[in-house]
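Worksheet for the structure shown next.
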Amino acid sequence: MSKALWGGRFKESMSEQVADFNQSIEVDARLFYQDIKGSIAHVTMLEKTYIITSDEANQIINGLQDIIEDYEAGNVTFKKELEDIHLNIEKLLIEKIGPVGGKMHTARSRNDQVATDMHLYAKEMTEAIITSIKALQHVIIDLSKQYHTVIMPGYTHLQRAQPILFSHHIMTYFWMLERDKARFSEGLKRINISPLGSGALAGTTFPIDQQYTASLLEFDDVYANSIDAVSDRDYVLDIMHNINLLMMHLSRFSEEIILWCSEEFKFVTLSDAYTTGSSIMPQKKNPDMAELIRGKSGTVAGNYMGLLMTIKGLPLAYNKDLQEDKKGFFDSIDTALQSVQIFTGMIDTMEVNAAHLTDITQNDFSNATELADYLVTLGLPFRDAHEITGQLVLYAIDNNILLKDIPLGHYQTVNKDITNDIYTKLNPEHAVNRRINDNGTSTKSVMKQIAKAEKCM
Ligand code: ARG
């Protein structure tokens, strides 16, 4: 095994098994670009502060750029025995430009280096997630507009409650996503801070300029405390928490879609492109994408809990345990991005069975509140109106009819003031469009809601 870059004080080398256990290159190779970006900023600063010469800086920066070219041409293979992305790139550099490459690591430690890479990556991924959420929100707005006046049963306890607009129902998810977006954006202020120059933990004796590297990397500030800078992973947990909420929202929406595309509900039909068949039952069309997203919301919750448990007992400052911050984090990021994108395509291509939705609200008891409200307008206290309506529902159930089928004569035995207009009140469309309060389900209110949503985009 070749000598490690830190091998000076060692007489014996690691066994292959130990080296394999110790390495993280299989996971952190994805920080390749961030690592080089951080190194170029660092070396630019070393030159500006006369810690290295311009010639040395140029050689190093050109070398790093060549490594990017080699990498993109497929000519770079990372080595497990070089542990991680940082040491792999440093070794490639030294092989390319000679011992001057060893000057790159002046006034730096892998501890502030890896923290810098992670901040850069966290920032890029947060921005990518925000962009993908926006695309999903656009599709929700489009769907709401397309099926704007379609009425569906609204549920509580998964029991039909009151008729609502389909657009009103799905716009709920717009606002959940709006909060997700806000949480990711808000987190940026804690991500957008530079740990570079903190060294291993204590800072450095070299006359570095940390504000300069921070500005080169477009960070807003530098950590106030070098020990905090190298041991902080709060921003990683922050993102993972935000991903949990995002995935929980997608999971709830997925659950509804899974129900809605069943034979029992038939509210929507998913496109073939987002469903799968069964290896035995030829009639099946399964909503696998929605199920996977619902399932993966559990996996990302586990990732979050895993890192929280890894960090909770760590003494300051850097400990190798922190190398475990990446696997679950990267998995959660990948899952979030893929899930949002796939979910977007799935609902964009889904058909809403508008006629069926409208039809079923004509044939249920979700208009019972209308009857109670109507009795209130005749002067009854709501509690009495509720009781009487309950008895009328029971009467209808016993006679296998609906509220709209109860003859006026029978209504009038309950309350003599009831007139023919009760039947208009019982109409679901009427029920929906009378709910004109600001955030209610009337066509008018939902139009206003959609306009408000569009302003957020
Ligand atoms: N691969 C390491 C990690 O991801 C890099 C930092 C190593 N630092 C150290 N002192 N061994 O955490």
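Start at 1 with the first residue, then count along the sequence.
Of the N and O atoms on the side chains of Ser332 and Asn303, at least one donor lies less than 3.5 Å from an acceptor on the other residue. Judged by distance alone, the side chains of Asp421 and Tyr374 do bring a donor and an acceptor atom under 3.5 Å apart. A side-chain donor from one of Gln391 and Glu387 sits under 3.5 Å from a side-chain acceptor of the other. Side-chain contact annotation: Asn244 with Asn242, donor-acceptor N/O pair under 3.5 Å absent. A donor atom on one side chain and an acceptor atom on the other are not found under 3.5 Å apart for Thr213 and His42. Side chain to side chain, Arg252 and Tyr173 fail the donor-acceptor criterion of an N or O pair below 3.5 Å. A donor and an acceptor atom, one from each side chain of Ser39 and Arg108, are located under 3.5 Å apart. Counted by atom type alone, Glu124 and Gln34 present one or more donor-acceptor pairs between their side chains at under 3.5 Å. For the residue pair Asn433 and Thr443, a side-chain donor N or O sits within less than 3.5 Å of a side-chain acceptor on the partner. In this structure, a donor-acceptor pair under 3.5 Å is absent between the side chains of Gln341 and Ser132.
Between Lys37 and Leu217, the shortest heavy-atom contact is O-CD2, 3.7 Å. In terms of heavy-atom proximity, Pro381 sits nearest to Val376 at C-CG2, 4.5 Å. A pairwise comparison of heavy atoms in Leu357 and Pro153 identifies CD2-CD, 4.2 Å as the closest pair. Leu259 approaches Leu158 most closely through the heavy-atom pair CD1-CD1, 4.2 Å.
Between Glu186 and Arg183, no side-chain nitrogen of the basic residue sits less than 4.0 Å from a carboxylate oxygen of the acidic one, so the salt-bridge criterion is not met. Ion pairing of Arg30 with Asp334 is present here, as a side-chain N (NZ or NE/NH1/NH2) and a carboxylate O approach within less than 4.0 Å. Taking the charged nitrogens against the carboxylate oxygens, Lys425 and Glu370 have no contact shorter than 4.0 Å, which rules out a salt bridge. The pair Glu127-Lys181 does not count as a salt bridge, with every side-chain nitrogen at least 4.0 angstrom from each carboxylate oxygen. The pair Asp28-Lys326 does not count as a salt bridge, with every side-chain nitrogen at least 4.0 angstrom from each carboxylate oxygen. The pair Asp220-Lys189 fails the salt-bridge criterion, with no side-chain N (NZ, NE, NH1 or NH2) lying under 4.0 Å from an Asp/Glu carboxylate O.
Atom CG of Leu408 has more than 12 neighbouring heavy atoms from other residues, nucleotides or ligands inside a 6.0 Å radius. For Glu429, the CD atom counts as loosely surrounded, since its 6.0 Å shell holds 12 or fewer non-hydrogen atoms of other residues, nucleotides or ligands. A 6.0 Å sphere centred on NZ of Lys285 holds more than 12 heavy atoms belonging to other residues, nucleotides or ligands. Enclosure of atom CE in Met248 by more than 12 non-hydrogen atoms of other residues, nucleotides or ligands within 6.0 angstrom is indicated. No more than 12 heavy atoms of other residues, nucleotides or ligands sit less than 6.0 Å from atom CG of Asp438. In the displayed structure, Glu72 atom CD is contacted under 6.0 Å by more than 12 heavy atoms of other residues, nucleotides or ligands. Residue Lys312 places its NZ atom among 12 or fewer non-hydrogen atoms of other residues, nucleotides or ligands, all under 6.0 Å distant. Surrounding CD of Glu263 are at most 12 heavy atoms belonging to other residues, nucleotides or ligands under 6.0 Å away.
Gln211 places a side-chain heavy atom less than 4.5 Å from the side chain of Asp221. Counting heavy atoms from C-beta on, the side chains of Arg190 and Asp234 never come closer than 4.5 Å. Two residues are said to be in side-chain contact when any heavy atoms from C-beta on lie closer than 4.5 Å; Leu371 and Tyr411 meet this criterion. Side-chain contact between Tyr274 and Asp288 is absent, with no heavy-atom pair separated by less than 4.5 Å. Two residues are said to be in side-chain contact when any heavy atoms from C-beta on lie closer than 4.5 Å; Phe78 and Lys80 fail this criterion. Contact of the Ile258 side chain with the Glu291 side chain is registered, since non-hydrogen atoms from C-beta on lie closer than 4.5 Å.
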Derivation and outcome, side-chain hydrogen bond (donor to acceptor under 3.5 Å, both in side chains), residues Asn439 and Asn437: CA-CA 6 Å; Asn439 58 11; Asn437 59 303; 3.0 Å; yes
Verdict with reasoning, Gln162 to Thr369, per side-chain hydrogen bond (donor to acceptor under 3.5 Å, both in side chains): CA-CA 7 Å; Gln162 291 176 341; Thr369 313; 3.0 Å; yes
side-chain hydrogen bond (donor to acceptor under 3.5 Å, both in side chains) assessment of Thr424 paired with His430: CA-CA 7 Å; Thr424 323; His430 203 263; 5.9 Å; no
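Checked against a 6.0 Å centroid threshold, the rings of Trp175 and His249 do not count as neighbours. Between Tyr33 and Tyr71, the distance separating the two ring centers is shorter than 6.0 angstrom. Ring pair His148/Phe166: centre-to-centre distance not below 6.0 Å.
Using modelled atom types, one side-chain atom of Gln210 and one backbone atom of Leu196 make a donor-acceptor pair closer than 3.5 Å. Side chain of Asn319 to main chain of Pro315: a donor-acceptor pair is present (N/O by atom type, distance under 3.5 Å, no hydrogens or angles). Checked by atom type and distance alone, the side chain of Asp232 never pairs as donor or acceptor with a backbone atom of Asp228 at under 3.5 Å. Proximity of a side-chain donor or acceptor of Gln137 to a complementary backbone N or O of Phe174 within less than 3.5 Å is detected. Checking side-chain atoms of Asn353 against main-chain N and O of Lys266 turns up a donor-acceptor pair under 3.5 Å. A side-chain donor-acceptor contact under 3.5 Å links His356 to the backbone of Phe265. Listed for the His241 side chain is no donor-acceptor partner under 3.5 Å among the backbone atoms of Leu237. Judged by distance alone, with hydrogens and angles left aside, the side-chain atoms of Asn399 form no donor-acceptor pair with the main-chain N or O of Ile401 at under 3.5 Å. Looking at Ser442, its side chain does come within 3.5 Å of a backbone N or O of Ser445 through a donor-acceptor pair. A donor-acceptor pair is defined here as one N or O able to donate and one able to accept, closer than 3.5 Å; no such pair exists between the side chain of Ser271 and the backbone of Thr349.
The CG atom of Asn192 sits 9.5 Å away from atom OG1 of Thr126, with the distance rounded to the nearest 0.5 Å. Interatomic distance, Ser24 OG to Asn88 CG, rounded to the nearest 0.5 Å: 9.0 Å. Atom-to-atom distance recorded for Ile406:CD1 and Leu392:CG is 5.0 Å, nearest 0.5 angstrom. To the nearest 0.5 Å, the span separating CG on Asn427 from CZ on Arg434 amounts to 11.5 Å. Separating the CD1 atom in Ile67 from the CG atom in Leu64 is a distance of 5.5 Å, to the nearest 0.5 Å. Annotation: the span from Arg110 atom CZ to Gln323 atom CD amounts to 8.0 Å, rounded to 0.5 Å.
Residue pairs satisfying the ring pair (Phe, Tyr, Trp, His ring centres under 6.0 Å) criterion with at least one member in residues 210-236, sequence neighbours excluded, are listed as follows: His119-Tyr223, His119-Tyr235.
Using cut-offs of 30° and 60° for the angle between ring planes, the His386 and Phe382 rings count as perpendicular.
Applying side chain to side chain contact (heavy atoms under 4.5 Å, CB included) to Asp35 and the options Ile89, Ile40, Asp84 leaves one that passes, Ile89.
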